[in-house]
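All heavy atoms count here, side chains included; hydrogens, waters and symmetry mates do not. Each chain gets a letter, A, B and so on, in the order the sequences are listed, and its residues count up from 1.
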Amino acid sequence: MSELHLYNTATRSLEKFKPINPGKVGIYLCGATVQAPPHIGHIRSGVNFDILRRWLLASNFDVNFIRNVTDIDDKILHKAVHEEMAWWAVAMKYERAFTQAYAALNVMPPTYEPRATGHITQMTQLMQILIDNGSAYAPGNGDVYLEVRKLASYLTLSNQKLDDLQPADDADLTFKKDPRDFALWKAAKPGDPSWPTPWGPGRPGWHVECSAMAHAYLGESFDIHGGGLDLIFPHHENEIAQSQAAGWGFANTWMHNAWVTTSGEKMSKSLGNSLQVVEILKKVRGIELRWYLGSAHYRSMLEFSFEALEEAAVNFRRIEGFLKRSSEVLGKNVEPVISSSFADAMNDDLAVPAALAGISESLRLGNTALTSNDKKGIETSASEIRGALSILGCDPFDEVFATSSSDDQSVLDGLVALALQQRAAARERKDFASADAIRDQIAALGVILEDTPQGTRWSLS
RNA sequence: GGUCGGAUGGCCGAGAGGCGAGGCUCAGGACUGCAAAUCCUGCUACACGGGUUCAAAUCCCGUUCCGACCUCCA
C-alpha cells in the first residue's frame with residue numbers, strides 16, 4: 001500500500017505526510033467570513049477538504065478538524081448598515097446559509113467550529129505576547145500592529161520580498177512604523193462593536209483570529225492548514241507571522257485549493273459572476289453538485305459551466321444507477337471497499353481524477369457482470385465503487401441523501417407495481433400498444449421504466 | 001514592478017521523458033416487440049518557435065495569449 005503524499009505550498013513540493021503525533025492529524029481550515037451567502041467557489045473549498053478529511057479517516061487517522069467562522073469584519077459591519085440589521089444578526093444569517101450549504105453537499109461538520117467573536121480573550125493573550133517580546137506595538141491610538149520588518153521569515157509562503165510589495169495607497173503612517181505593518185487589532189469607531197483590551201476598546205483585525213483559534217484547538221504546532229489560493233497572501237502569510245513571532249511552530253503543511261472560475265476568471269461578487277449554492281441546487285441535487293465540484297483535482301482551476309455541471313450529474317446518475325441495480329440483484333447494499341488503485345490515487349496528493357478513471361473501469365466491469373448475472377463480479381465492482389464514493393462523500397446510500405419517508409415509499413412502490421402488472425399483462429398478450437401507453441402515461445408522471453432480463457425496474461426521473 | 005498559475009481532441013478533464021488516463025458528445029454494431037439501460041468498435045490531442053535526447057505534451061531557451069495575488073477574498 002502506498003503512503004500519503006501531499007503538496008505543501010510552503011515548500012512548493014510533494015511531501016510524504018508525517019503527522020506530529022502518530023495516528024493523529026490536526027487540521028485548521030479557513031472557513032467563511034459570513035458576510036454573504038456561499039457561492040460554489042466557497043463550497044468547493046469545503047468539499048475538497050472534506051475529501052481530505054474522509055481519506056485521512058479511512059487511513060485510520062484520528063482527525064481533529066477545526067474550521068472557523070469569521071463573524072466580525074469590515075464587510076459584515078457594512079452589510080449590517082446596508083441590510084438594516086444588527087451586525088451579529090447578519091453574521092448569524094449567513095453562517096446558517098453556509099451551514100445549510102455544507103449539509104446539502106454532505107460536508108461533515110467540523111470537530112469544532114470556533115467563531116472569532118468567541119475568542120477575544122485568546123486574541124488578547126496573543127497580542128500581549130507579541131507586544132511583550134517586541135514583535136508588535138500599540139502606538140496609543142487603540143490599534144495594535146505587527147512590525148513585519150522585524151520578522152526574518154516573513155513572506156516565505158508566498159515567496160515575495162517585502163520591498164517588492166506595492167504599498168497600499170491609503171496607508172496611514174501616522175501610527176504605523178511601516179506601511180506594510182498590519183493591524184492585529186482595530187480601535188473602536190463610534191457605533192462599531194468593540195471589546196475591551198489593555199490597549200483600548202476595539203475589534204479584531206482580519207488575521208489574528210485564526211492564529212488565536214488554531215492555537216486554542218490545535219496547539220502551538222499542528223499538521224495541516226488549508227484554505228483557498230487567494231488566502232496565501234496576505235491572510236496565511238500574516239497568520240504565520242503572528243504565530244511564529246509568538247514562538248509557535250504553527251502549521252507543517254499548507255494546502256490550498258484552486259478556484260471555481262467562469263470565463264477563466266475567479267468568481268467574485270464584484271464581477272457579478274458568482275453562482276450561489278442555493279441557485280445551483282435548483283438544477284441538480286446536492287450529491288451531484290458535490291460530484292462535480294470534487295471531480296477536478298483540488299489544485300486545478302475548475303471552469304464552471306452549466307453544460308459541465310449537467311454532464312457530471314448525468315455521469316453520476318449512471319454510477320448511482322449501477323449501485324441501485326446491484327443492490328436489487330444482490331438483495332442488499334454492498335459493503336464499501338477501498339481498492340488499491342483508489343488508495344494509490346488518493347495517496348498521491350488526492351488525485352481524484354485518477355481515482356475516477358478507476359471507478360469508470362469498475363463500472364464497466366460491474367455492468368458486464370450485471371448483464372451476465374455474475375453475482376461475485378457485481379459485488380466486487382459495487383463494493384469498490386461504493387468505497388470510492390464514500391470517500392468522495394457521494395455515496396447514494398448515505399442516509400443524508402435519503403429523500404422520501406418510508407411510508408411514502410411503500411405507497412409509491414405499491415402503485416407503481418400495480419401499473420407494472422397491467423403492462424406486463426398487456427405485453428404477455430402482445431398488446432404492445434396498451435403496454436406502451438401505460439409506459440408513456442406513468443413516464444408523464446415522472447416514473448421511468450426499464451425492461452431487463454430480471455423484469456421491469458423503475459425509477460423516478 | 002514583484003510573486004504565482006494556466007493554454008491538452010467537438011466538449012470536460014488527467015498526466016509530467018518511452019507503455020494511446022478517463023468521461024461526455026458523435027458514428028457504427030450487439031442486445032431488445034419498441035424504448036431505456038448496458039456492452040463492443042471507431043474518433044490518436046497537447047499555444048508557438050528553437051534546442052537537449054535514441055525518444056519531448058512532459059526537460060531547457062525564447063515568444064504569444066489568459067488568469068490570480070500585492071493588506072476585502074474559498
| query | Does a side-chain N or O from N238(A) land closer than 4.0 Å to OP1 or OP2 of U71(B), or not? | reply | no
Residues pairing under salt bridge (charged side-chain N to carboxylate O under 4.0 Å, His left out) where one sits in residues 445-461 of chain A, two or more places apart or in two chains, turn out to be E328(A)-R457(A), R423(A)-D451(A), R427(A)-D451(A), E450(A)-R457(A)
Mind checking whether H207(A) and F182(A) have parallel, tilted or perpendicular rings, split at 30° and 60°? perpendicular
Side chain to side chain donor-acceptor pair (under 3.5 Å) filter on K283(A), not counting sequence neighbours, yields none
Among the nucleotides C34(B), A74(B), G67(B), whichever has the atom closest to the side chain of H42(A) is A74(B)
F182(A) CZ to U71(B) P, in whole Å, measures 13 Å
Rounded to whole Å, the CG-P distance (D230(A) to G6(B)) equals 17 Å
Centroid-centroid under 6.0 Å between Y217(A) and H119(A) rings: yes
In RNA chain B, stems of three or more consecutive pairs, Watson-Crick or G-U, each with both distances under 3.5 Å, turn out to be B:1-7 with B:64-70, B:10-12 with B:22-24, B:26-30 with B:38-42, B:47-51 with B:59-63
Q) Run the side-chain contact (heavy atoms from CB on, under 4.5 Å) check on I72(A) and E209(A) step by step: do they pass? A) CA-CA 10 Å; I72(A) 178 79; E209(A) 82 279 15; over 6 Å; no
Regarding the side chain of R423(A), the nearest nucleotide among G23(B), G33(B), A74(B) is G33(B)
With sequence neighbours left out, the residues meeting side chain to side chain contact (heavy atoms under 4.5 Å, CB included) with E307(A) are S305(A)
From CG of N257(A) across to P of G6(B) the rounded distance in Å is 15 Å
Practice item. With heavy atoms under 4.0 Å as the rule, sort R427(A) into base, sugar-phosphate or nothing. Key: base
- Task: Give G31(A) one of three labels, base, sugar-phosphate or nothing, depending on what nucleic acid heavy atoms sit under 4.0 Å from its own.
- Result: sugar-phosphate
Margin query: Classify Q160(A) by what it touches in the nucleic acid, base, sugar-phosphate, or nothing, heavy-atom distance under 4.0 Å.
Written below: base
Inter-nucleotide C1' distance (G67(B), A45(B)), Å rounded
23 Å
With sequence neighbours left out, the residues meeting side chain to side chain donor-acceptor pair (under 3.5 Å) with R386(A) are D395(A)
Residues 349-373 of chain A vs side chain to side chain donor-acceptor pair (under 3.5 Å), sequence neighbours excluded, gives Y298(A)-D349(A), R299(A)-D349(A), E361(A)-R364(A), S362(A)-E384(A)
Pairwise C1' distance for U25(B) and G13(B), with rounding to whole Å
14 Å
Need one value for K161(A): base, sugar-phosphate or nothing, where a base atom within 4.0 Å counts as base even if backbone is also close, heavy atoms only. nothing
Sorted by chain and number, sequence neighbours left out, ring pair (Phe, Tyr, Trp, His ring centres under 6.0 Å) with H39(A) holds for H42(A)
| message | Please report the distance separating the C1' of A74(B) from the corresponding atom of A68(B), rounded so that it comes out in whole Å. | response | 13 Å
Whichever of D164(A) and G227(A) has the more 5' nearest nucleotide on RNA chain B, that residue is D164(A)
For W254(A), the ring pair (Phe, Tyr, Trp, His ring centres under 6.0 Å) test, sequence neighbours excluded, returns H225(A), H236(A), F250(A)
Problem set entry | Heavy-atom side-chain contact between C394(A) and N106(A) under 4.5 Å | no
Can you check nucleotides 11-15 of chain B for protein contacts, nitrogen or oxygen pairs under 3.5 Å, and list what you find?
residue, atom, partner, partner atom, Å
A14(B), OP1, H297(A), N, 3.0
A14(B), OP1, S300(A), OG, 3.3

D436(A) atom CG is separated from U32(B) atom P, nearest whole Å, by 17 Å
*asked:* Suppose you measure atom P in C40(B) against the same atom in G22(B); what distance do you get, rounded to whole Å?
replied: 12 Å
Applying side chain to side chain donor-acceptor pair (under 3.5 Å) to E320(A) and not counting sequence neighbours gives R285(A)
| message | For the C1' atoms, the ones on G15(B) and on A7(B), what distance do you get once it is rounded to whole angstrom? | response | 15 Å
Exercise. Using the P atom on both, measure C19(B) against C59(B) and round to a whole Å.
Key: 16 Å
Residue set satisfying side chain to side chain donor-acceptor pair (under 3.5 Å) with R318(A), at least two apart, ordered chain then number -> none
Reckon V260(A) touches a base, only the sugar-phosphate, or nothing at all at heavy-atom distances under 4.0 Å? base
C69(B) OP1/OP2 closer than 4.0 Å to side-chain N/O of K266(A):
yes
Rounded to whole Å, CG of L155(A) lies from C1' of C69(B) at a distance of 12 Å
Discussion item. Looking at D451(A) and C34(B), is any side-chain donor or acceptor paired with a base atom of the opposite kind under 3.5 Å?
Written reply: yes
Self-check item: Inter-nucleotide C1' distance (C46(B), U58(B)), Å rounded
Solution: 10 Å
To the nearest angstrom, the CD1-C1' distance between I232(A) and C4(B) comes to 8 Å
Worksheet item: Do D163(A) and R149(A) sit within salt-bridge range, that is, some charged N less than 4.0 Å from a carboxylate O?
Response: yes
Rounded to whole Å, the CG-C1' distance (L370(A) to A36(B)) equals 14 Å
Distances for protein N/O vs nucleotides 39-46 of chain B N/O pairs under 3.5 angstrom?
residue, atom, partner, partner atom, Å
C39(B), OP1, N367(A), ND2, 3.3
C39(B), OP2, R318(A), NH2, 3.0
C40(B), OP1, R364(A), NH1, 2.5

When rounded to whole Å, the CG to P distance for the pair D74(A) and C72(B) reads 8 Å
Exercise for review: Considering only atom C1', compute the distance from C54(B) to G42(B) and round it to an integer number of Å.
Suggested key: 33 Å
Nearest-nucleotide check on RNA chain B, Y154(A) vs A32(A); residue mapping nearer the 5' end is Y154(A)
